[in-house]
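Right, one structure below, let's go through it.
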Amino acid sequence: MAKTLVVIPTYNESENILKIVPEVLNQSPEIDVLVVDDNSPDGTARLVKGEMEKNPRLHLIERTGKMGLGTAYVAGFKFAIARGYEFVFEMDADHSHDPREIPAFLKAAENAELVLGSRYTNGVRVLNWPIERLLLSYFANVYTRFMTGLPLHDATGGFKCFRRRVLEAIDLDRVRSNGYAFQIEMSYKAWKKGFRIVETPIVFLDRRSGKSKMSKQIVHEAFFMLWKLRWKSLLGKL
Ligand SMILES: Nc1nc2c(ncn2[C@@H]2O[C@H](COP(=O)(O)OP(=O)(O)OP(=O)(O)O)[C@@H](O)[C@H]2O)c(=O)[nH]1
Ligand SMILES: [Mg+2]
């Protein structure tokens, strides 16, 4: 049985998905991929199903409509727990995350329970993003450190690897946030439970093709969610 599951949520990623999947699987025979698709109108799931006929290491969860990144990952995490995977990755479909960096995560995970791909350790490694987007991301991280005390350079990134015990320890049904907020919430909960978190430097590239789902709503959610997290933590209700 493969030990590692890479969860890739998709919404309209037909231009990317069949390229990224083999790149991930080629990293090691121990790796499986799970695509969680929200009924993408562009037929992403159909492409995945075609590929699955040839490849037993590829899995698919189909949801009925666009329900957001956070709940897509939660569905993926439950799948991973039920099937006994030890290392569970979050990764985007759009080539912002380089599959060749997966082995470095797995190496780091030998001595940690959560490995975060960091764009901002030892400088900034983001390619082709407009400056506004970079500033937003950078200051989102400054704000997150200030609000939560999380000792991280990059708490909003979406390329990460959990040991299964972290996912088992977090009450996944109580994870509510979706966009960047989801990334922060998961890391914060893991940190509060005393799990060892390390950052591994990554290079982040702007999406290669397809459309962005980044929105004002996602930024607002993260802004307010941090107040909520801080409040709950003070009340001991995390
Ligand atoms: N299943 C599912 N996947 C989603 C949803 N929203 C985004 N995704 C996927 O999550 C990953 C990250 O989303 P992106 O749109 O790349 O978000 P981003 O990286 O912040 O922004 P851009 O790269 O500029 O688009 C991609 O693989 C998306 O297809 C959703 O509601 N449901
Ligand atoms: Mg992206």
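Counting starts at 1 for both ligands and their atoms, following the listed order. One is the number of the first residue; the rest follow in order along the sequence.
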Check residues 167-175 and write down every donor-acceptor pair under 3.5 Å in which the side-chain atom is one partner and the other belongs to a residue at least two apart or another chain.
residue	atom	partner	partner atom	Å
E168	OE2	R164	NE	3.1
E168	OE2	R164	NH2	2.8
D171	OD1	D173	N	3.3
D173	OD1	K78	NZ	2.6
R174	NH2	K237	O	3.1

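Ring geometry for F77 against Y73 counts as parallel: the plane angle stays under 30°, on a 0 to 90° scale with 60° as the upper cut. Using a 30° and 60° split on the angle between ring planes, F89 and F159 fall in the tilted class, from 30° to 60°. Between F204 and H97, the ring-plane angle classifies as perpendicular under the 30° and 60° cut-offs. The aromatic rings of Y143 and F223 sit parallel, their planes meeting at an angle under 30°, below the 60° perpendicular limit.
Neither side chain, T121 nor D154, offers a donor N or O lying under 3.5 Å from an acceptor on the other. Using modelled atom types, one finds a donor on one side chain and an acceptor on the other under 3.5 Å when comparing S187 with K160.
Residue pairs meeting the ring-ring contact (aromatic ring centres under 6.0 Å, His included) criterion with at least one partner in residues 23-57, sequence neighbours excluded, are absent.
Around the Mg ion (ligand 2), the protein contributes the following N, O or S atoms at distances under 2.8 Å: D94 OD2.
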Open item on the list: One pair to check against salt bridge (charged side-chain N to carboxylate O under 4.0 Å, His left out): K66 and D38. What are the steps and the verdict?
Closed with: CA-CA 5 Å; K66 189 168 183 337; D38 279 4; over 6 Å; no
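Annotation: ligand 1 has protein neighbours P9, T10, Y11, E13, V36, D38, K66, G68, L69, A72, D92, A93, D94, R133, Y180, R207, S212, K213, each with a heavy atom less than 4.0 angstrom from the ligand.
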